[in-house]
Amino acid sequence: MFAGLSSTYGLTLHGLITVLALLLYVVASHALHQRRHPAAAIAWVLFILLVPYVALPTFLVFGSRKQTRPPVLLRLPEAAGNDAPWAVQTIGALGQPAPATYRGLTLHADGSEALAALWRVIDAAEETIDICSYIVGRDPVGDALVARLAAKASAGVRVRLMVDGWGRLTRRPPDMKAAVRAGARFAVFVSVWRTLFRARSNLRDHRKMVIVDAHGRHPRLWCGGRNLASEYFDGEPGHPPWHDLTFDLGGALVTQAIELFERDWAYANRLSREGLVRSAAQPAVLPDVHAGPAAQIVASGPDQIDDTVYTVLVTSAYQAKTRILIVTPYFVPDSALLIALSLAARRGVVVDVLIPARSNHRMSDIARRRALRALATAGARIWLAPLMLHA
């Protein structure tokens with residue numbers, strides 16, 4: 001008798017927990033306006049039904065893609081006319097800033113050039129240095145960076161350095177005490193505990209930017225995919241440096257970078273973001289073609305309402321007329337992007353995909369096979385690089 005009661009009680013409790021977990025999933029998805037692919041939604045439901053004790057905490061930590069805080073638009077561009085390029089119209093429709101002019105663009109051919117440009121940009125600072133990076137290593141590059149920042153702070157330059165909370169755990173961070181004593185400010189973008197308790201595990205700052213004298217006479221931006229650690233520049237003993245891309249430039253475009261930094265800095269330090277939203281009445285006029293080349297910085301991530309970069313990629317595949325060149329270490333597109341690229345190849349667009357023969361993530365290499373077969377069948381060309389690339 002008691003065994004039967006115990007069994008019934010256990011089944012009832014298990015069913016109650018399962019129902020509560022499903023309700024929490026449904027309520028959270030609707031309240032946070034989560035847009036999931038049907039396959040992903042079905043996978044979450046099945047996961048909760050089968051193992052609610054594991055699925056529920058997993059969903060609370062990893063289940064949210066987007067931020068609940070209202071996004072801060074850098075600018076609200078005016079609707080571009082039909083004569084504006086499709087990219088400008090698309091990016092403007094996503095709430096991103098209008099094109100701005102730049103000058104002195106330099107692409108860094110390798111890690112040595114990138115490091116030399118980094119030191120050159122920092123050494124030229126007269127008023128401000130603002131840096132954000134996913135990782136800053138305690139190694140020759142990280143130590144040299146901190147030493148330079150300390151010297152600049154001692155000379156009266158306002159110095160701010162922001163490192164991602166998760167990225168900081170992956171590497172031993174450099175000792176910032178000397179730089180802080182000299183007047184530099186250091187911030188961690190969202191600590192690990194803050195993200196876990198708020199179900200924001202994907203709220204990471206992967207932006208790598210060094211912004212110097214943003215509002216001065218000679219603003220400069222150093223930016224790209226390299227973290228501020230030795231393996232991204234000179235490599236480490238027994239290991240060559242990562243193949244990656246960085247650049248530096250000056251001009252009005254630097255203003256867009258500092259606006260992004262200011263927003264992230266305010267969030268990391270839990271400061272008021274008043275004044276960061278630009279007036280909707282501000283015109284977003286395209287630069288004069290005679291003023292020089294122009295570009296746009298497109299913010300992407302869980303703090304954006306739209307999947308901005310993804311939307312631009314899909315639109316690009318449909319708009320392309322002659323060639324699409326993709327260079328990436330990991331190629332696992334979803335069905336919408338894969339269809340767009342395949343259709344481009346079928347209608348005569350030359351589609352080239354350059355990927356490493358083997359990346360540093362084996363699961364990514366396995367997962368990419370179906371997409372590569374589909375693209376090759378459509379007529380795309382797949383190029384395998386002998387050296388491992390990195391994001």
Side-chain angles (χ1 to χ4, degrees), residues 34-51 54-66 134-135 137 164-171 192 195-196 199-208 224-227 229 231-232 235-236 238-245 300-302 307 309-310 313-314 317 324-342 351-378 380-391:
Q34 294 295 320
R35 297 175 293 177
R36 291 186 178 86
H37 190 278
I42 292 172
W44 274 114
V45 170
L46 290 176
F47 189 22
I48 292 171
L49 286 173
L50 293 173
V51 279
V54 177
L56 181 58
T58 302
F59 172 73
L60 293 176
V61 175
F62 300 104
S64 179
R65 287 185 62 252
K66 292 291 185 178
Y134 185 68
I135 295 172
D164 182 77
W166 280 92
R168 192 164 180 252
L169 288 180
T170 63
R171 293 288 302 272
V192 173
T195 58
L196 288 178
R200 292 291 176 271
S201 60
N202 67 331
L203 182 57
R204 308 270 43 94
D205 192 349
H206 276 273
R207 293 166 184 148
K208 293 101 175 175
R226 288 184 169 93
N227 284 297
E231 66 261 37
Y232 291 86
E236 295 181 321
H239 298 282
W242 294 110
H243 289 259
D244 218 315
L245 176 66
S300 182
D307 293 324
V309 172
Y310 171 79
L313 286 175
V314 174
I324 298 173
L325 173 60
I326 299 173
V327 181
T328 178
Y330 320 118
F331 185 76
V332 191
D334 69 353
S335 57
L337 181 55
L338 180 59
I339 290 172
L341 292 171
S342 298
V351 178
D352 289 316
V353 180
L354 174 61
I355 55 176
R358 182 172 181 177
S359 74
N360 60 326
H361 288 292
R362 185 59 180 161
M363 287 303 298
S364 173
D365 296 345
I366 295 173
R368 73 189 183 185
R369 292 173 182 171
R370 183 187 68 86
L372 293 177
R373 283 196 299 268
L375 272 183
T377 301
R381 301 185 297 187
I382 312 300
W383 304 88
L384 299 179
L387 296 178
M388 184 165 57
L389 304 180
H390 183 66

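Source: prediction; values computed, not measured.
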Could you state the interatomic distance from [atom1] ([X]) to [atom2] ([Y]), rounded to the nearest 0.5 Å?
X    : Y    : atom1 : atom2 : value
E231 : H239 : CD    : NE2   : 10.0 Å
L245 : R226 : CG    : CZ    : 7.0 Å
I135 : K208 : CD1   : NZ    : 7.5 Å
D307 : S300 : CG    : OG    : 7.0 Å

I want to check something: taking the side chain as every heavy atom from C-beta on, are [X] and [Y] in contact at a cut-off of under 4.5 Å?
X    : Y    : answer
D205 : W166 : no
S364 : V332 : yes
D334 : Y310 : yes
I355 : L372 : yes
M363 : H361 : no

Once side-chain hydrogen bond (donor to acceptor under 3.5 Å, both in side chains) is applied, what residue pairs with a partner in residues 365-376 remain, sequence neighbours excluded?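 Applying side-chain hydrogen bond (donor to acceptor under 3.5 Å, both in side chains) to every pair that reaches into residues 365-376, excluding sequence neighbours, yields S359-D365, D365-R368.
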Q. If only atom types and distance count, is the side chain of D164 paired as donor or acceptor with the main-chain N or O of G167 below 3.5 Å?
A. yes
key: Under 3.5 Å: donor-acceptor pair, side chain of N227, backbone of A229   =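 Answer holds: no.
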Where is the tightest heavy-atom contact between [X] and [Y], given as atom of each residue plus distance?
X    : Y    : result
F331 : V353 : CD1-CG1, 4.2 Å
P333 : L337 : CB-CD2, 3.9 Å
L338 : A374 : CD2-CB, 4.1 Å
I324 : A317 : CD1-CA, 3.9 Å

inquiry  = Go through it in stages, so that I can follow the logic: the residues are R381 and D352, the test is salt bridge (charged side-chain N to carboxylate O under 4.0 Å, His left out), and I'd like the CA-CA distance, side-chain angles, deciding distance and then a yes or no.
reply    = CA-CA 5 Å; R381 301 185 297 187; D352 289 316; 2.6 Å; yes
| Stepwise side-chain contact (heavy atoms from CB on, under 4.5 Å) check, I326 with L341 | CA-CA 10 Å; I326 299 173; L341 292 171; 3.9 Å; yes
### Query
Any idea how Y232 and W242 line up, ring-wise: parallel (<30°), tilted (30 to 60°), or perpendicular (>60°)?
tilted
